Amino acid sequence: MPELPEVEVVRRGVAAHVVGRTVSGVDVLHPRSVRRHVPGPEDFATRLVGRCLTAARRRGKYMWLELGGGPEEVDAGEAVLAHLGMSGQLLVQPDEAPDETHLRVRFRFDDGGPQLRFVDQRTFGGLSLTELVSVDGVAVPEPVAHIAPDPLEPVFDLEAAVARMRKRRTGVKRALLDQTLVSGIGNIYADEALWRAKLHWARPTANLTRPQARSLLGAAVEVMQAALTAGGTSFDDLYVNVNGESGYFDRSLAVYGQAGLPCPRCGTAVRRDAFMNRSSYSCPRCQPTPRNPHY
DNA sequence: CCGCTGCCCTGCAGGC
DNA sequence: TGCCTGCAGGGCAGCG
């Protein structure tokens, strides 16, 4: 569920409330939520005790907490990696708050302050303890090394992304969702960016002009920045910040989830197409189906 | 190498 | 009321 803006809102909350604190205990309440930590739940929990959370970082939809306070040789070289999947949340909660229905992992701290809780209804998300590696001068967890920088990073190179996109032979929405091309974009912001750039989702990347590709990626940056300013997009309480509060960018969506409602630009009813076992929303008039669609 | 299908889960809305 | 189907913001293995 959460895309870049929502994950960034969570990262900021974690940075404000958790960074600088030292872990005193970890409870793994559902092993599936740490399945990517190969040595297992026990190892995950015990290795974190006594470690200080020194920074909260993000690339695309992944976020991680860098670790200090450990054995010298691993210090600053390890991190707790989190992916929220479709329904994951990180919440800062007082000790006495009752366990959430889908509470999966709890972190307690030696200052006796609020806990950090990983709550995840569908368990597509998860946590793991990972080593940092250097990719083009940026330290990222090893499982994140294969994805591209996201549009809000200093190292993001728009022209390089444009060039790579135009070399693909696929539909433009598939390309937008491909985290190895540009990271952080999901179904909502892909549809919103395509609407802003007046491109149909099945338009082949191979015949995109350079200005069209630039316009599309530029629109993706703009819509995600606007969403971040609004605190993210929340349709229900599955997406909330670390204090349990919803964002309000859903009110600014032009097409996503708006089937049958008027396009804000031309008034034509927004259509919904099935695509990749999901939905694609677009304006039939602003985003006409191309002659040679690439589904 | 690349692209695509199916699957991993739970809960909810809507049709019957 | 309940049962069934389809759908939900993501990603990855495995196949061709």
Side-chain angles (χ1 to χ4, degrees), chain A residues 1-10 29-36 38 58-63 81-90 100-104 118-128 141-148 150 164-194 201-202 204-206 220 223-224 227-228 230-241 246-253 255-260 272-281 293-295:
Chain A
M1 133 217 163
E3 307 181 32
L4 185 153
E6 292 76 37
V7 180
E8 175 61 13
V9 169
V10 172
L29 293 107
H30 197 315
R32 183 171 156 78
S33 293
V34 294
R35 67 194 177 285
R36 299 224 147 71
V38 178
R58 185 189 54 73
R59 168 165 281 182
K61 303 170 195 171
Y62 287 90
M63 65 165 284
L81 178 63
H83 196 292
L84 304 181
M86 294 282 270
S87 56
Q89 307 175 334
L90 283 168
E100 291 77 5
T101 305
H102 302 293
L103 177 62
R104 309 304 190 191
F118 181 69
V119 176
D120 189 11
Q121 177 193 104
R122 294 174 71 184
T123 66
F124 285 6
L127 307 178
S128 56
E142 191 279 327
V144 177
H146 71 288
I147 76 167
D150 70 59
R164 290 190 61 205
M165 174 171 279
R166 295 177 69 237
K167 278 186 200 160
R168 290 294 176 90
R169 299 229 198 126
T170 186
V172 69
K173 184 167 174 183
R174 281 184 193 280
L176 280 181
L177 295 176
D178 181 345
Q179 305 295 300
T180 68
L181 189 57
V182 178
S183 67
I185 302 171
N187 210 28
I188 297 177
Y189 300 111
D191 281 2
E192 293 296 307
L194 287 162
W201 54 267
T205 47
V223 73
M224 290 196 293
L228 180 54
T233 299
S234 306
F235 300 121
D236 48 42
D237 59 9
L238 271 192
Y239 165 69
V240 290
N241 68 16
S246 294
Y248 53 89
F249 195 70
D250 61 310
R251 294 170 220 171
S252 304
L253 296 174
V255 288
Y256 186 85
Q258 312 296 307
R272 175 188 171 278
D273 300 314
F275 166 72
M276 284 176 82
N277 286 330
R278 294 200 164 82
S279 296
S280 247
Y281 298 90
H294 198 306
Y295 296 109

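Keep in mind that the numbers below use all heavy atoms, side chains included, and drop hydrogens, waters and symmetry copies. Proteins come first, then strands; the chains are lettered A, B, ... in the order of their sequence lines, and each starts at number 1. Values in this document were obtained by computation on a predicted structure and should not be read as measured data.
In DNA chain B, runs of at least 3 stacked Watson-Crick or G-U pairs (N1-N3 plus N6-O4 or O6-N4, or N1-O2 plus O6-N3, all under 3.5 Å) give these stems: B:2-8 with C:10-16, B:10-16 with C:2-8.
With sequence neighbours left out, A/Ala175 forms a side chain to side chain contact (heavy atoms under 4.5 Å, CB included) with A/Met165, A/Thr170, A/Leu181, A/Thr205. Every residue meeting the side chain to side chain contact (heavy atoms under 4.5 Å, CB included) condition with A/Ser234, not counting sequence neighbours, appears here in chain and number order: A/Tyr239, A/Ser246. Legend: residues meeting side-chain hydrogen bond (donor to acceptor under 3.5 Å, both in side chains) with A/Asp250, ordered by chain and number and at least two apart, are absent. In terms of the side chain to side chain contact (heavy atoms under 4.5 Å, CB included) criterion, A/Thr101 has no residue partners (sequence neighbours excluded). Listed by chain and number, the residues in a ring-ring contact (aromatic ring centres under 6.0 Å, His included) with A/Tyr256 are A/Phe235, A/Tyr281 (sequence neighbours excluded). Listed by chain and residue number, nothing satisfies the side-chain hydrogen bond (donor to acceptor under 3.5 Å, both in side chains) test with A/Arg36 (two or more places apart in sequence, or in another chain). Listed by chain and residue number, nothing satisfies the side-chain hydrogen bond (donor to acceptor under 3.5 Å, both in side chains) test with A/Ser252 (two or more places apart in sequence, or in another chain). The ring-ring contact (aromatic ring centres under 6.0 Å, His included) search around A/Phe275 returns A/Trp201, not counting sequence neighbours. Take A/Gln121 and apply the side-chain hydrogen bond (donor to acceptor under 3.5 Å, both in side chains) test, not counting sequence neighbours, and it matches no residue.
Computed from coordinates, the A/Ile185 CD1 to C/dG9 C1' distance equals 14 Å when rounded to whole Å. Protein atom CZ of A/Phe275 is 19 Å distant from nucleotide atom C1' of C/dG6, rounded to whole Å. The interatomic distance linking A/Tyr281 (OH) with C/dC7 (C1') rounds to 9 Å, in whole Å. Distance CG (A/Asp236) to P (C/dG9): 11 Å, rounded to an integer number of Å. Taking atom OH of A/Tyr248 as the reference point, atom P of C/dG9 lies 23 Å away to the nearest angstrom. When the P atom of C/dG11 is taken as reference, atom CG of A/Leu84 falls 10 Å away, rounded to whole Å. Taking atom CD on A/Gln258 and atom P on C/dG9, their separation rounds to 13 Å, with Å as the unit. If you take CZ of A/Arg272 and P of C/dG6, they are 12 Å apart, rounded to a whole angstrom.
Within the 4.5 Å cutoff, the side chain of A/His146 has heavy atoms near those of the A/Thr180 side chain. Under the 4.5 Å side-chain criterion, counting only non-hydrogen atoms from C-beta, A/Asp178 is in contact with A/Arg168. A 4.5 Å side-chain heavy-atom check between A/Leu176 and A/Val182 finds every atom pair outside the cut-off.
Neither OP1 nor OP2 of B/dG11 sits under 4.0 Å from any side-chain N or O of A/Ser87. Proximity of A/Lys61 to the phosphate of C/dG9: no side-chain N or O atom is located under 4.0 Å from OP1 or OP2.
Using a 4.0 Å heavy-atom distance criterion, A/Tyr189 is classed as making no nucleic acid contact.
Distance from the side chain of A/His83 is smallest to C/dG11 among C/dC7, C/dG11, C/dC12. Which of C/dC12, C/dA8, B/dC4 sits closest to the side chain of A/Thr170 comes down to B/dC4.
When the nearest nucleotides of DNA chain C are assigned to A/Tyr62 and A/Phe235 by heavy-atom distance, the more 5′-ward of the two goes with A/Phe235.
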B/S/- along nucleotides 5-10 of chain B (protein heavy atoms under 4.0 Å) is SB-BBB

Could you go through nucleotides 14-16 of chain C and list every protein N or O atom that sits under 3.5 Å from one of its N or O atoms, giving the distance for each pair?
none

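Taking atom C1' in both B/dT10 and C/dA13, one finds a spacing of 22 Å when rounded to whole Å. Rounded to the nearest Å, the gap between the P atom of B/dC9 and that of C/dG14 is 15 Å.
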